[in-house]
Engineer: 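One structure, pasted below without further comment.
Note: hydrogens, waters and symmetry copies are ignored here, and every other heavy atom, side chains too, is used. Here is the naming used below: chain letters follow the sequence lines, and residue numbers restart at 1 for every chain. Please read all numbers here as calculations on a predicted model, not as lab measurements.
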Amino acid sequence: MKKEKEKKLIAVSLPYANGEAHIGHIAGAYLPADIYHRFSILTGEDSIFISGTDMHGTGVVLSAEKEGIDPYVFSQKHHEKFKEIFGKLDIKFDMYSNTQSDIHIETVHDFFLDLYKSKYIKIREEEQPYCEYDNRFIPDRYVEGICPVCNDKNAKVSESCDVCSTLIQFDTIIEPRCKICGNTPILKKTKNFFLELELLEKEIRNYIDKKNNFRKNVKEFSLEYIKNGLNPRSITRDMKYGVSIPIKGFEEKIIYVWFEALIGYISATKELKQNHWIDYWRNNSKSIFFMAKDNIVFHSIILPFILLANNNKLNLPYQIVANENLLLEGEKMSKSKNHFMLAKDALSRYGKDNLRFYIAANLPEKKDFNFKEEELINLVNTTLSSNIGNYINRTLTFLYKNFDGSINKFESNDDEDYIKNIFKSINIELSEFRIKSAVHKIIEFSDYANKRFDTLKIWENKNIKNMYILIQYVYALGILLSPIIPESSEKILSILNKKNEGFYYTPYFGKINKPYIIFPKIELI
RNA sequence: CGUGGGGUGGAGCAGUGGUAGCUCAUCAGGCUCAUAACCUGAAGGUCGUUGGUUCGAAUCCAACCCCCGCAACCA
């Protein structure tokens with residue numbers, strides 16, 4: 001009996017179509033996910049990597065209006081931009097979809113109806129701010145006015161006052177006005193669908209409690225969120241733009257983004273695997289979600305709720321990898337302060353693999369990552385170029401000049417054991433989502449290789465057996481680097497005339513091509 | 001105020017009970033195959049503060065201070 005291979009779903013939180021990807025997105029979610037996925041594939045796992053653009057929501061509508069274009073056009077434009085930048089950064093999805101695909105809408109409808117029938121979704125009536133001038137319901141925070149306690153002029157409903165921390169309510173805010181048009185909004189009754197989260201509170205708490213492989217931030221955050229119990233949460237909105245509600249009488253409303261977008265993971269799996277999608281969500285399968293930490297509760301509470309309430313016996317998230325924040329030159333990024341770096345600008349300024357390497361070596365896994373150009377340049381020039389790159393170059397050049405580029409198989413047990421152990425240890429780091437630590441172990445490895453070059457004194461003895469030893473390190477580096485900087489890794493391996501067959505080491509011998517410098521230093525003004 | 005994360009040599013970080021480590025920068029030596037790259041050695045820290053537990057604490061407990069974030073349809 002052949003045991004069925006475990007299937008792995010690797011997903012990244014859906015980027016929102018209300019802006020372009022910046023370096024925070026890349027460091028917080030997309031790059032670590034890509035590295036992990038590449039690693040998974042190389043270890044022979046049946047692993048798929050999915051995401052897609054989150055196309056809906058008020059943010060998109062308002063931004064589109066500002067630009068004077070249709071929200072569909074606006075969101076499509078950003079969808080294309082996300083696709084483009086991910087492609088350019090070698091973030092290689094098996095499926096990068098968006099939440100306007102037919103399959104997504106159909107999937108959302110299926111889930112919605114299913115949950116409605118089983119009473120996990122119910123209709124409730126509530127009062128919502130309504131702007132009679134704009135003729136539409138507006139989100140709480142778009143109602144601005146004066147704080148009743150301290151008279152601060154920048155108060156927004158449902159938020160704490162920036163000055164005195166009072167929670168601002170619609171009935172207490174002074175001179176409320178609509179953020180969009182400036183007129184005074186009113187409260188108006190409306191019926192909405194609610195996710196009855198409290199029904200599965202016990203199950204969800206139990207799930208989180210038992211999850212010992214969650215990072216501290218994920219577990220603590222989720223438990224804190226659920227501590228005082230879960231409440232019904234509205235999942236529909238009075239808007240035109242979004243996924244429609246598949247029930248008669250609600251044509252004026254749509255399904256709220258945060259509910260619908262989570263189902264995007266399932267739609268994307270369907271789009272990729274058609275009828276086999278469920279194999280990645282059920283039975284012998286594991287799902288792993290990468291995101292920045294502000295998305296934690298959606299994945300640790302809401303998504304589990306949807307999966308539990310659905311009657312397909314879907315697995316709950318196996319792992320939720322949430323990262324801390326990225327700071328730019330010591331400060332939070334801010335569009336309004338023009339303190340900001342788009343991914344595409346970083347890419348053209350630093351180059352793909354330099355950027356990937358720097359970010360990977362500093363991922364905000366446990367604490368914030370302070371992105372500093374000076375440090376990027378330093379790391380690229382001293383570590384990637386002088387340490388790793390120079391080792392590869394000095395070894396390849398020596399082999400090419402002195403041995404005609406050919407090497408036969410020899411015995412070198414100590415070094416081969418050392419290399420195998422490195423693979424073992426880096427394998428563990430990557431399996432347990434410690435990518436930053438894996439990168440540092442690769443650097444250590446390269447450091448050791450340089451020491452070997454010196455102790456073997458090959459420039460004196462020109463011993464072919466020593467040459468054999470040294471070239472093993474080059475080959476190992478080529479493979480070790482492949483999840484992190486795939487393009488450079490390919491360059492190394494192609495000089496060696498090797499293909500990357502997996503994340504493991506086998507002795508290298510053969511004939512190499514003419515070497516060239518793979519990691520040049522960078523100089524920036 | 002509440003809550004999540006963090007505070008370790010000049011900079012960036014690792015280290016969850018047993019003589020404080022790594023990378024960069026600095027200084028001194030060595031080498032010369034290589035991208036003025038590489039190697040060796042030195043200097044540099046009372047591990048935010050105070051108190052406690054322990055034979056022993058960066059590591060556990062308590063209180064406090066500071067930084068970043070969240071409570072918003074901003075990653």
Engineer: Which value, in whole Å, describes the distance between the P atoms of nucleotides B/U49 and B/U59?
Structural biologist: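 10 Å, rounded to whole Å.
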Engineer: Using atom P of each nucleotide, how far apart are B/G21 and B/A43 to the nearest Å?
Structural biologist: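 That atom pair is separated by 12 Å.
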Engineer: Taking B/C47 as the reference, what is the distance to B/C22 when you measure between their C1' atoms (whole Å, please)?
Structural biologist: 15 Å
Engineer: Does the side chain of A/Lys367 get closer than 4.0 angstrom to OP1 or OP2 of B/A14 through an N or O atom?
Structural biologist: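 The answer is yes; a side-chain N or O of A/Lys367 sits under 4.0 Å from OP1 or OP2.
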Engineer: Output yes when at least one side-chain N/O atom of A/Lys293 is less than 4.0 Å from OP1 or OP2 of B/C68, else no.
Structural biologist: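 Checking A/Lys293 against B/C68: no side-chain N or O falls below 4.0 Å of OP1 or OP2.
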Engineer: Counting side-chain heavy atoms from CB outward, which of B/A37, B/C73, B/A75 is closest to A/Ala292?
Structural biologist: B/A75
Engineer: Can you see if the side chain of A/Lys457 gets near the phosphate of B/U32 - specifically, an N or O under 4.0 Å from OP1 or OP2?
Structural biologist: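 For B/U32, neither OP1 nor OP2 has a side-chain N or O of A/Lys457 closer than 4.0 Å.
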Engineer: Looking across every strand, which nucleic acid part, if any, lies under 4.0 Å from A/Asn18 by heavy atom: base, sugar-phosphate, or nothing?
Structural biologist: nothing
Engineer: Pick base, sugar-phosphate or nothing for A/His22, based on heavy-atom distances below 4.0 Å to the nucleic acid.
Structural biologist: base
Engineer: Can you tell me how far C1' in B/A58 sits from the matching atom in B/U16, rounded to whole Å?
Structural biologist: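 One C1' to the other, the span is 9 Å.
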Engineer: Reckon A/Asn378 touches a base, only the sugar-phosphate, or nothing at all at heavy-atom distances under 4.0 Å?
Structural biologist: sugar-phosphate
Engineer: Look at all strands and tell whether A/Leu396 reaches a base, only sugar-phosphate, or nothing, counting heavy atoms closer than 4.0 Å.
Structural biologist: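 If one applies the 4.0 Å heavy-atom cut-off, A/Leu396 turns out to touch nothing in the nucleic acid.
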Engineer: Do we see a donor-acceptor contact under 3.5 Å between the side chains of A/Lys253 and A/Thr190?
Structural biologist: yes
Engineer: Planes under 30° and centres closer than 5.5 Å, is that true for A/Phe453 with the base of B/C33?
Structural biologist: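 Stacked: centres under 5.5 Å apart, planes under 30°.
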Engineer: Are A/Phe398 and the base of B/C33 stacked, counting only ring centres nearer than 5.5 Å and planes tilted under 30°?
Structural biologist: no
Engineer: In whole angstroms, how far is the P atom of B/C73 from the CD1 atom of A/Ile254?
Structural biologist: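 Atom CD1 in A/Ile254 sits about 14 Å away from atom P in B/C73.
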Engineer: Base, sugar-phosphate or nothing for A/Thr58? Non-hydrogen atoms, less than 4.0 Å.
Structural biologist: base
Engineer: Walk me through it: do A/Asp209 and A/Lys219 pass the test salt bridge (Lys or Arg N to Asp or Glu O under 4.0 Å)?
Structural biologist: CA-CA 8 Å; A/Asp209 264 334; A/Lys219 193 154 180 170; 5.4 Å; no
Engineer: Which is true for A/Ile517 with a 4.0 Å heavy-atom rule: it touches a base, it touches only sugar-phosphate, or it touches nothing?
Structural biologist: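 Answer is base: heavy atoms of A/Ile517 come under 4.0 Å of a base.
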Engineer: Could you check how far CZ of A/Phe369 sits from P of B/C68, rounded to whole Å?
Structural biologist: 18 Å
Engineer: By the 4.0 Å heavy-atom rule, please label A/Tyr391 as base, sugar-phosphate, or nothing.
Structural biologist: nothing
Engineer: In this structure, are over 12 heavy atoms from other groups packed under 6.0 Å from A/Lys83 atom NZ?
Structural biologist: no
Engineer: Nearest whole angstrom, please: distance from the P of B/G5 to the CG of A/Asn325.
Structural biologist: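 Taking CG of A/Asn325 and P of B/G5, I get 13 Å after rounding.
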Engineer: So, does A/Lys366 get its side chain near the phosphate of B/G15, meaning an N or O under 4.0 Å from OP1 or OP2?
Structural biologist: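 Yes, within the criterion.
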Engineer: Do A/Ser446 and A/Tyr473 have a side chain donor and acceptor closer than 3.5 Å?
Structural biologist: no
Engineer: Looking only at atom C1', what distance separates B/U53 and B/A63, rounded to whole Å?
Structural biologist: 15 Å
Engineer: Once you round to the nearest 0.5 Å, how far does CD1 of A/Ile359 lie from CD1 of A/Ile26?
Structural biologist: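 Those atoms lie 6.5 Å apart.
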Engineer: If you assign A/Tyr448 and A/Ile458 each to the RNA chain B nucleotide with the nearest heavy atom, which residue ends up on the more 5' nucleotide?
Structural biologist: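 Its nearest nucleotide lies further toward 5', so the answer is A/Ile458.
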Engineer: In whole angstrom, give me the gap between the C1' atoms of B/G41 and B/G51.
Structural biologist: 41 Å
Engineer: Considering every strand and a 4.0 Å limit on heavy-atom distances, what is the contact class for A/Gly59: base, sugar-phosphate, or nothing?
Structural biologist: base
Engineer: Within the pair A/Lys521 and B/A37, is there a side-chain N or O less than 4.0 Å away from OP1 or OP2?
Structural biologist: yes
Engineer: Indicate the ring-plane relationship of A/Tyr256 and A/Trp258, choosing parallel, tilted or perpendicular according to the 30° and 60° boundaries.
Structural biologist: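 A/Tyr256 vs A/Trp258 ring planes: perpendicular.
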Engineer: Mapping A/Pro520 and A/Ser446 to their closest nucleotides on RNA chain B, which lands nearer the 5' end?
Structural biologist: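 Nearest-nucleotide comparison on RNA chain B picks A/Pro520.
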Engineer: Ignoring the backbone of A/Thr382, work out which of B/A25, B/U35, B/G15 is nearest its side chain.
Structural biologist: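 Closest nucleotide to the A/Thr382 side chain: B/A25.
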Engineer: Tell me what A/Lys451 touches on the nucleic acid: a base, only sugar-phosphate, or nothing, going by heavy atoms under 4.0 Å.
Structural biologist: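 If one applies the 4.0 Å heavy-atom cut-off, A/Lys451 turns out to touch the sugar-phosphate alone, with no base involved.
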Engineer: Between the side chain of A/Ser489 and the main-chain N/O of A/Ile485, is any donor-acceptor distance below 3.5 Å?
Structural biologist: no
Engineer: Between B/A34 and B/C24, how far apart are the two P atoms, rounded to whole Å?
Structural biologist: 22 Å
Engineer: Please state the P separation for the pair B/C68 and B/G30 - nearest whole angstrom.
Structural biologist: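 Between the two P atoms, the distance is 48 Å.
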Engineer: Side chain of A/Asn393, base of B/A34: donor and acceptor closer than 3.5 Å?
Structural biologist: no
Engineer: Which one, B/C38, B/C13, B/A75, comes nearest to the side chain of A/Tyr16?
Structural biologist: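 For A/Tyr16, the side-chain atoms sit closest to B/A75.
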